[in-house]
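Quick notes on the structure that follows.
Note that these values count all heavy atoms, side chains included, but never hydrogens, waters or copies made by symmetry. A, B, ... follow the sequence lines: proteins, then strands. Residue 1 opens every chain.
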Amino acid sequence: MNEMIPPKAERSAALKGLGTSRKRVEDARFTQGKGNFIDDLKLPGMLFGDFVRSPYPHAYVKSINTDAALAVPGVVAVLTAADLEPLGLHWMPTLAGDKQMVLADGKVLFQGQEVAFVVASDRYVAADAVELVEVDYEELPALVDPFKAEIKGAPILREDIADNLEGAHGARRHPNHIFTWESGEKEQTEAAIGEAEIVAEEMIYYHRTHPCPLETCGAVASMDKVNGKLTLHGTFQAPHAVRTVASLISGIAEHNIRVISPDIGGGFGNKVGVYPGYVCSIVASIVTGKPVKWIEDRIENLTSTAFARDYWMQGKISATKEGKITGLWCHTTADHGAFDACADPTKFPAGFMNICTGSYDIPTAYLCVDGIYTNKAPGGVAYRCSFRVTEAAYFIERMIEMLAIKLKMDAAELRRINFIKKEQFPYQSALGWEYDSGDYHTAWEKALEAVNYTELRKEQTQRLEDFKAGATRSLMGIGLCHFTEIVGAGPVKNCDILGLGMFDSCEIRIHPTGSAIARLGTISQGQGHATTFAQILASEIGIPADDITLEEGDTDTAPYGLGTYGSRSTPVAGAATAMAGRKIRAKAQMIAAYLLEVHDDDVEWDVDRFAVKGAPERFKTMKEIAFASYSQEIPGVEPGLEAVSYYDPPNMTYPFGAYICVMDINVDTGIADIRTFYALDDCGTRINPMIIEGQVHGGLTEAFAISMGQELAYDDMGNVKTGSLMDFFIPTSWETPNYITDFTTTPSPHHPIGAKGVGESPNVGGVPAFSNAVHDAFRSFGLTQSHMPHDHWRIWKIANDLGLHDK
Amino acid sequence: MEKMHLKMTVNGEEMETLAEPRELLIHVLRERLNITGPHIGCETSHCGACTIDMDGKSVKSCTVFAAQAGGADITTIEGLGNPDNLHVLQEMFKEHHGLQCGFCTPGMITRAYRLLQEIPDPTEEEVRFGMSGNLCRCTGYQNIVKAIMAAATEMNATKEAAQ
Ligand code: FES
Ligand code: FES
């Protein structure tokens with residue numbers, strides 16, 4: 001007892017808890033080639049599956065002949081829709097309440113669609129046999145342009161539901177129409193805009209792209225017929241939901257299914273969906289009695305699993321002459337491809353697009369989204385984004401710029417005039433959200449000052465004069481963005497996927513010697529959960545993060561949760577972790593009090609121990625308490641030290657940020673040189689600054705890709721034009737800029753530790769900042785809107801259309 | 001298809017296997033020799049996840065046929081260090097948060113290992129250019145570049161101290 005108690009700060013530092021740039025525990029295995037990714041998994045007797053895919057965007061399948069394929073030595077089976085039909089598995093439900101063909105059922109609706117599944121002894125044999133499957137197609141005209149979906153004579157895509165006038169999200173007005181979703185006050189908004197002194201109006205297209213994680217999707221299904229158990233390993237961002245869906249569609253009882261997500265090589269939304277490859281490997285394993293592996297190649301990944309964006313957003317924004325916004329109106333035509341497989345909470349068929357009032361105090365707003373079928377791959381996932389927030393942020397941040405042009409006003413000033421003020425939080429937005437907290441003005445001024453905004457504008461003016469005088473061929477663009485995100489889906493009262501509430505969970509077991517294991521319902525895909533969640537816990541329960549193992553992704557052991565996407569892990573599972581930790585602490589308090597022979601209320605928490613109030617030298621450390629809980633009879637207290645928490649968040653969280661991009665554009669080559677990119681993020685309480693910074697770098701690079709060149713393009717016939725990494729732009733280390741990161745901290749008032757989530761902010765805010773910089777460079781020549789991606793050719797074209805090239 | 005007898009040195013160890021001549025080296029390594037450190041991100045030579053060191057050069061092992069690999073001296077991520085004696089690059093990638101999902105990491109480190117032999121004291125520009133055959137979707141490269149620069153500094157300091 002006479003030993004010196006180390007000072008609080010020292011004990012606190014030893015925990016490596018909240019706020020520490022703790023090095024990642026995941027790194028040891030990845031840097032030594034010992035990761036455990038899906039394609040690394042080999043089970044005895046394992047077979048390999050590969051798809052026959054449609055070369056046509058729209059065609060009837062007249063017949064399929066598998067004889068030649070089956071004759072190849074090593075080929076075990078070739079599955080077609082006819083084989084799946086008796087099991088009821090030739091179609092499967094999508095996350096958006098639609099259904100999707102697992103294998104072509106009489107018809108194909110996009111290029112690359114799954115037609116047959118070859119199962120063979122290895123991937124080479126499977127690939128050989130795929131070539132030998134003969135499919136007789138009758139080609140049909142393809143519908144590529146969503147604006148032509150409802151014109152007379154348009155090809156009808158979904159004949160299976162052509163007569164169904166009621167879809168999963170209300171009335172359908174045409175066989176190619178999926179839903180109409182409205183939010184806000186139509187008449188009031190239209191009146192406000194009608195009466196306004198200034199109105200800016202524009203069509204803004206956020207093009208189709210793809211999350212393209214470096215690891216493609218894949219699965220290994222293993223049906224153990226002896227015990228009746230199915231084990232499904234795969235690249236799942238939501239393993240528990242996959243188990244439930246697998247049970248519902250296969251009829252195998254849920255307790256007989258075990259889903260395991262191993263290490264995942266990046267997800268970014270691509271690995272949220274349920275794909276035909278998963279279903280086919282399950283069926284193939286049931287049919288053959290052997291484990292079956294299916295791994296996409298890159299072309300299959302880009303052309304068939306989960307695209308993102310593809311929103312045509314017609315917007316109107318109105319303001320007074322002084323620049324106070326009076327109304328915002330938006331009609332979006334959403335190209336969903338051949339099946340509605342968007343991964344959005346059920347009640348939100350257009351995700352959280354209605355966060356499109358952004359960071360601004362807009363008195364009235366109206367949003368209407370029409371979902372449309374086209375002959376393109378299904379998907380519509382949140383690519384590093386929380387359910388269409390990127391689209392919303394891009395929309396409002398472009399509209400603000402357009403309004404600034406109309407007002408002949410500086411765009412930074414226009415934002416300043418319209419920001420929601422600090423004292424207005426919690427703020428009720430015109431489209432129905434309650435923003436939890438924010439301090440936009442402080443962040444904005446900090447950002448403008450950091451880049452020396454006033455000087456930049458002067459330099460830009462000078463550059464313009466030089467350009468006009470023929471002294472330079474380079475223009476300067478300053479791209480501004482202040483975004484507000486909405487993440488952490490979400491409260492069970494309004495967020496579910498397939499009826500499953502979007503809570504999340506954490507279960508903690510403290511071992512007798514005072515170390516611990518925590519299991520969560522989420523799954524890391526590079527976010528470093530094993531590192532950061534242990535930090536949350538370390539601060540809550542006083543056990544060093546290094547002594548806490550974190551486990552996710554095995555549905556047999558982890559508590560149920562809805563998985564990792566939409567920046568929901570920290571806001572939801574992070575909260576569950578803190579809450580479970582608090583339960584542990586509450587029990588530890590009773591044990592400590594008993595051991596110290598005082599009343600429960602007479603001990604207090606002190607970093608890593610409970611001490612008697614007023615007598616800090618009388619204490620029990622968590623280690624001692626843990627041991628006592630397993631070794632001593634404590635009256636009225638169950639043995640052991642465990643807790644579980646299922647956390648249903650009371651609200652979403654609203655991270656925000658101020659981004660500024662400065663670029664120099666050569667008008668003759670169209671090359672944009674990113675000179676500076678400054679990113680200030682406010683994600684509330686910061687758990688691990690190093691990891692936050694890494695997330696920001698990564699998200700900004702994805703934003704750079706999307707805005708400056710990355711595109712999932714289709715030609716007029718419905719052929720994919722960018723189906724491999726040859727054409728689909730992923731920036732290398734050579735063209736990727738360096739970033740300056742910064743922060744302010746406005747904790748979330750309703751989150752147990754005040755954290756808001758950050759993984760997606762840089763993508764949400766980055767895209768408008770890059771794109772606004774391109775537009776800003778040409779503002780004085782009259783450019784209002786030019787669609788992304790701003791690759792060299794498109795920038796050159798802007799300059800050419802504006803007459804900036806010698807004729 | 002007829003298989004051929006293939007002998008290679010992998011991470012200092014003589015290895016042999018049967019493989020079809022058309023098999024990609026990355027598949028031979030991963031499926032036949034159980035060396036799963038190098039990954040597959042594209043199979044079209046764009047991503048660099050499959051990077052190995054072959055006869056003293058960085059090679060994307062998805063661009064090499066089994067038939068071309070006989071007698072080769074190959075080093076993969078598994079051969080660069082071991083848990084008790086990590087390569088400086090392995091340490092620096094952790095130190096500077098040069099990885100997130102870790103899928104590109106084996107290829108990145110293996111490429112950087114050769115780059116630092118080609119250019120022992122590179123500028124940031126040289127690192128960015130020299131690494132541009134390896135894609136990363138997670139990190140934005142900034143910390144990868146930092147890790148490689150830091151490894152170069154440390155390796156040079158060790159070299160100097162030894163002289
Ligand atoms: S797998 Fe070899 S370069 Fe991508
Ligand atoms: S760390 Fe994920 S691809 Fe590089």
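Formation of a donor-acceptor pair under 3.5 Å by the A:R24 side chain with backbone atoms of B:Q100 is found in this model. Side-chain atoms of B:Q142 come within 3.5 Å of backbone N or O of A:Y739 as a donor-acceptor pair. With hydrogens and angles disregarded, no donor-acceptor distance shorter than 3.5 Å links the side chain of B:Y141 to the backbone of A:W734. A donor-acceptor pair is defined here as one N or O able to donate and one able to accept, closer than 3.5 Å; no such pair exists between the side chain of A:R298 and the backbone of B:E43. Between the side chain of B:R137 and the main chain of A:G698, no donor-acceptor pair closer than 3.5 Å is present.
Only the backbone of A:P737 comes within contact range of chain B, judged by heavy atoms closer than 4.5 Å. Both the backbone and the side chain of B:E125 have a heavy atom closer than 4.5 Å to some heavy atom of chain A. Proximity to chain A is limited to the side chain of B:H27, based on heavy atoms less than 4.5 angstrom apart. Both the backbone and the side chain of B:F103 come within contact range of chain A, with heavy atoms under 4.5 Å apart. With a 4.5 angstrom heavy-atom cutoff, B:I40 touches chain A via backbone and side-chain atoms both. Interface residue A:Y124: backbone and side-chain heavy atoms are both found under 4.5 Å from chain B. For B:N134, no part lies near chain A; criterion is any non-hydrogen pair under 4.5 Å. Neither the backbone nor the side chain of B:P38 comes within less than 4.5 Å of any heavy atom in chain A.
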Apply the test side chain to side chain contact (heavy atoms under 4.5 Å, CB included) to residues B:C101 and A:F30: give CA-CA distance (whole Å), side-chain angles for both, the deciding distance (0.1 Å), then the verdict.
CA-CA 8 Å; B:C101 79; A:F30 296 136; over 6 Å; no

Check against side chain to side chain contact (heavy atoms under 4.5 Å, CB included), B:R30 and A:D40
CA-CA 8 Å; B:R30 291 178 51 83; A:D40 300 338; 2.8 Å; yes

Tell me, with the steps shown, if A:K23 and B:E95 meet salt bridge (charged side-chain N to carboxylate O under 4.0 Å, His left out).
CA-CA 7 Å; A:K23 303 295 178 216; B:E95 188 60 33; 3.7 Å; yes

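Between B:E31 and A:R123 there is a salt bridge, since a side-chain N of the basic residue sits under 4.0 Å from a carboxylate O of the acidic one.
Highest contact tally toward chain B, considering only A:G266, A:G694, A:G699, A:G267, is held by A:G694 [criterion: heavy-atom pairs under 4.5 Å]. Heavy-atom pairs under 4.5 Å with chain B were tallied for A:I691, A:D297, A:I264; the largest tally goes to A:I691. For the set A:D122, A:D39, A:T216, A:V696, the entry with the most heavy-atom pairs within less than 4.5 Å of chain B is A:D39.
For the atom pair B:C42 SG and A:N301 CG, the distance stands at 11.5 Å (nearest 0.5 Å). Rounding to the nearest 0.5 Å places SG of B:C138 at 8.0 Å from CD of A:Q695.
Crowding of A:K42 atom NZ: a count of heavy atoms from other residues, nucleotides or ligands under 6.0 Å exceeding 12.
Between the side chains of A:D27 and B:Q90, not a single donor N or O lies within less than 3.5 Å of an accepting N or O.
Nearest heavy atom pair, residue B:L135 against residue A:L214, reads O-CD2, 3.5 Å.
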